[in-house]
Each structure stands twice: as C-alpha cells, then as structure tokens.
Amino acid sequence: MGVATTPTYDRRSAVSLFSRLRTPRGQADPYPIYAELRERGGVSPAPWGGSIVTSFDVCDQILRSRDWLEPDKEWRARQGPGTRWNAPSSREMSSTLPALNPPDHTRVRRAAGTFDRNTVQQIGRTVSRVTTELLDSLAERLRDGEANFSALVSDELPIATIGDWLGLPSEDWPRLRQLTHDQVFTQELLPSASQLALSDAATAELRSYFMDLVHRRRANPGEDPVSRWIQTWDTLEQDRDKADEAVYFLALFVMLAALETTSTLLSIMTLLLVERPAQWELLTAHPELVPAFVEETLRYDPPTHVISRVASQDCLLEGVEVRRDEMVHLLVGAAHRDPARHSDPDEFNPLRQPGHIAFSGGIHYCLGAPLARLEAQTLLHQLILRLPRLTLVRRPTWAPRVAFRRLLNLDVALA
C-alpha cells in the first residue's frame, strides 16, 4: 500500500485547469491540460473533493478491482438532497446497469444477456445496409458541396442500429436521439443547474416512452429483446410492476449506451482520418488495418473521458490517502496519453500495440463494446472503399462537456 504522503497542491491553479477544460478550446483539445494535471502526479486531489487519477496503471487497477464501487443509489442518497447526485435524472440512472454493484449488478447483467455471435451477425446485416444507405445520401449531398458528417452519418447509424434491434418505430428515432443528447448531462463531471434541468426533463420523457413500450410488448410480445427481457424478468420477479420497471431500466440503459458514445466514436474516427491523408492512403492500401485504426481512435481520443468510482475502504493510491466512500475520477483521456503506458502517446499510430480502457474494465466492461466496434469498422471499411477522400471544410465544434465528448459538426467535402 505504501506510506501516505501529502501531495503538493495548489487549489487555485487546479480550479483554473478544470475551468479551462470547460471552455470551447479545452473541449476541442483537452490534452495539454491533461498533461499539466499529470505533472501533479498520477493521483491528485480534485478541487471539489475526492481525487483525480491520470495514471493509466492506476485507472486500470481501479476498474478491475472489486474494492472500487459504482456511485450507486445508496451512495447518492448519502450525498444529501441538495447535491447533483439527487437530481431526478441522477436518481433514475442509479437503477440502470452501469450504476449497480454486486449482487444487483450480477443479477441484472445476467438478465440483460450479451451480444453473442449470432446477435452480432444479425445486427451486422442491419449495420451494413444502413451504412450503405447513409453513405449514398452523403455522396449525393457532397456532389453539391459540403456536408455535416456528424449529422448525416455518425448520429444516424447508432440510432438506426439500436432502434431496429429493439423494434422501435423509425419516426421515433429523431426524438430519442435528441433526448439522449440531453439526458447525458446528468452523467457529466460537473453539470450546471441548467444542464441538470435538461437531463431531468429528458429522463422523464424517456421513462414515459420506454414504460409504454414495455406495456405494449407485454400485451403483444414479439421476437425482440424487450419481449425476451419481459420473459426473463417474469421468472426473476413475482411482482409484475417491478418486473416491468426492471425491463424499462434495461431498455433505457441500452438506448443511452448505444447512441451517445458510439456516435462520438464514429465522428472522431472520421475526423482523425480526414485530418491525416496519409492514414487514408494507408487504409486504402491495407484495409486489414481497419480494426487497428478503430482501436487507436479509442485510445487517442475516447468518447468517454471520465469514469467515477467510490472507495469501499480506506486505502492509498500512489501514496495519496483515500477514505472509504470518497469518489475518485478516472481521467481516461489523460490515462490514454500516459507516457508510462505508451511511447509517443500524442502521436496517432494505428500500428502501435493496442491498449486502452475506453470500454471501462472488470465487471463493468461495456456490454455493447462488440456493437460499437462493429459499427465503427463497417463504416470505416465502406468509407475508404466508396469515397476517394474527404477533406475538412472547417474546424469542428464540440458540445459543452468534459466527461462525454461529442462533435456538434464535422463539415466535410470531397478532396
């Protein structure tokens, strides 16, 4: 465990660093700020309490250890009624799979099932078809000039994929996508009051939508995941209302997880490709490198930059004392550029040995990782085959977030 130390800490400068992360410039490129944070040590105090972790090895250790817990419903209640953790949207999220600890997590994860090979193959046919259709529309738009790749492709592929799998009417997809964009603010690092209000409203509407979906599928079951989850939960829970709510939380989790981060992955991947003509030429000549390009994208600039955990007991992290129930924020984006883990970490290099925690780790490893990889690889394969090359029209703008990145626009034209 080591001996406790008192890290050198200047609260004012720490506050300044995190303030810079919240500016448009910091959101566009947070990595110089992360480098300054790493200079304070792999583990350092957070200005608002708890600790921040920038060391890859420590982040990886925490994610794999059962000694570190999710900030679950009980933990959030202990933070008090006036905190962001007790906002309606936060309380609602505390019942979804990512916020559960064992044994509840174990039970719900088993009920959710996994994206097995047959399921991935089935979804893969949808992904291939939808990708072709979206790139047809993109190519048509590019004949007349420029196009917003994020809006036309990156936002559309994930909702079409998960919407089709869940059997949701296509006319509902645009609204669900917007609600997802708003809802994610409750999972931000330091959400503002206005952002929480947006998230609260979106969460209430999502609850109404998916509870209604569960009731309709119970009345008229089909060959879809929601109907299968209803059957599963009826064997686990005698109270039908509780069973329906459990299915709702699964459907909500799948929708939120499948849309936001995957859309960001697709946009960042395409941005990195467009910014680097040599990489486009490399992939065109060696399409077998597509999976490696996706993995390097996940390392170089992951969709999720912050993962939070709570200490189950007093401990030391790199000599920094952490008390039971204290929160640590794992700065995944910073950890991925840790020079102790990767040589030349600021260089985008798909030929490097892969290694990232973009999908978390341990028992909370992302359930939808195979699906995200499938969408990214399918899109990248088709891009390099169908388009000679894209060029960036203007620098993209980013959503006002720290933990969950999102490009608002990715304006491209034919080179």
Tell me, please, which residues at least two apart from T304 pass side-chain contact (heavy atoms from CB on, under 4.5 Å).
T261, I307, F404
Side chains of R406 and H181: is there a donor and an acceptor less than 3.5 Å apart?
yes
What residue pairs, at least two apart or across chains, pass ring pair (Phe, Tyr, Trp, His ring centres under 6.0 Å) with a residue in residues 248-277?
none
R389 with E281: basic N within carboxylate O range, under 4.0 Å:
no
Do D182 and Q178 pass the side chain to side chain donor-acceptor pair (under 3.5 Å) test, and can you show the C-alpha distance, the side-chain angles, and the key distance before you say yes or no?
CA-CA 6 Å; D182 291 343; Q178 183 56 52; 3.2 Å; yes
More than 12 heavy atoms of other groups within 6.0 Å of R78 CZ
yes
Among L298, T297, T262, which residue satisfies the side-chain contact (heavy atoms from CB on, under 4.5 Å) criterion with P303?
L298
Applying side chain to side chain donor-acceptor pair (under 3.5 Å), run through R324 and S312 and close with a yes or a no.
CA-CA 5 Å; R324 180 181 183 273; S312 65; over 6 Å; no
Determine which pairs satisfy side chain to side chain donor-acceptor pair (under 3.5 Å) with at least one residue from residues 159-175, sequence neighbours left out, and list them in order.
T126-D164, D172-Y209, R175-E205
Taken in chain and number order and not counting sequence neighbours, the residues that satisfy side-chain contact (heavy atoms from CB on, under 4.5 Å) with A28 are W398
To the nearest 0.5 angstrom, please state how far the CZ atom of R309 sits from the CG atom of L69.
9.0 Å
Determine which pairs satisfy ring pair (Phe, Tyr, Trp, His ring centres under 6.0 Å) with at least one residue from residues 67-111, sequence neighbours left out, and list them in order.
W75-W85, H105-H364
Looking at I268, L266, D155, which hits side-chain contact (heavy atoms from CB on, under 4.5 Å) with L407?
I268
Look at E245 together with R207 and state whether they make a salt bridge at an N to O cut-off of under 4.0 Å.
yes
Contact list for residues 230-240, test side chain to side chain donor-acceptor pair (under 3.5 Å), sequence neighbours left out
R218-D234
Salt-bridge present (R395, D411; N to O < 4.0 Å)
no
Among side-chain atoms of T203 and D200, is any donor-acceptor pair under 3.5 angstrom?
no
Drop me the distance from R341's CZ to D57's CG, to the nearest 0.5 angstrom.
7.5 Å
Pairing donors with acceptors under 3.5 angstrom, does anything connect the side chains of Q279 and E275?
no
What's the spacing between L256 CG and M93 CE if we round to 0.5 Å?
5.5 Å
After noting the C-alpha distance and the side-chain angles of L289 and L282, does the key distance pass the side-chain contact (heavy atoms from CB on, under 4.5 Å) rule?
CA-CA 8 Å; L289 292 177; L282 176 67; 3.9 Å; yes
Quick one: do E133 and R129 make a salt bridge, cutoff under 4.0 Å?
yes
N-O pairing of R84 and E188 below 4.0 Å
no
Would you compute the distance between atom CE of M327 and atom CD1 of I52 and round it to the nearest 0.5 angstrom?
14.0 Å
Not counting sequence neighbours, which residues clear salt bridge (Lys or Arg N to Asp or Glu O under 4.0 Å) with R323? List them please.
D314, E321
Is it the case that D72 and N101 place a side-chain donor and acceptor less than 3.5 Å from each other?
yes
May I ask you to check whether Q183 and S89 show a side-chain donor-acceptor distance below 3.5 Å?
no
Please determine whether the number of non-hydrogen atoms from other residues, nucleotides or ligands lying under 6.0 Å from atom NE2 of H286 exceeds 12.
no
Please indicate whether E288 has more than 12 foreign heavy atoms, meaning atoms of other residues, nucleotides or ligands, lying under 6.0 Å from its CD.
yes
Quick one: list whatever passes side-chain hydrogen bond (donor to acceptor under 3.5 Å, both in side chains) with S267, sequence neighbours left out.
S150, S154
Using a 6.0 Å cut-off, check whether atom CZ of R110 has over 12 heavy atoms from anything other than its own residue.
no
Residues two or more places apart in sequence or in another chain: which of them pass side-chain contact (heavy atoms from CB on, under 4.5 Å) with Y31?
D29, Y34, D301, P302, H305, R337
Strictly by modelled atom types, are N118 and Q122 linked by a side-chain donor-acceptor pair under 3.5 Å?
no
Among residues at least two apart in sequence or on other chains, which ones pass side-chain hydrogen bond (donor to acceptor under 3.5 Å, both in side chains) with Q79?
none
Just to verify, what does H329 make a ring pair (Phe, Tyr, Trp, His ring centres under 6.0 Å) with, not counting sequence neighbours?
W48
CE on M211 to CG on L252, rounded to 0.5 Å
11.5 Å
cation_pi(R405, Y300) dist<6.0 Å, angle<=45:
no
Salt bridge (charged side-chain N to carboxylate O under 4.0 Å, His left out) between D60 and R64: does it pass, once the steps are laid out?
CA-CA 6 Å; D60 189 46; R64 294 176 183 276; 2.9 Å; yes
Partners of P291 by side-chain contact (heavy atoms from CB on, under 4.5 Å), sequence neighbours excluded?
Q377
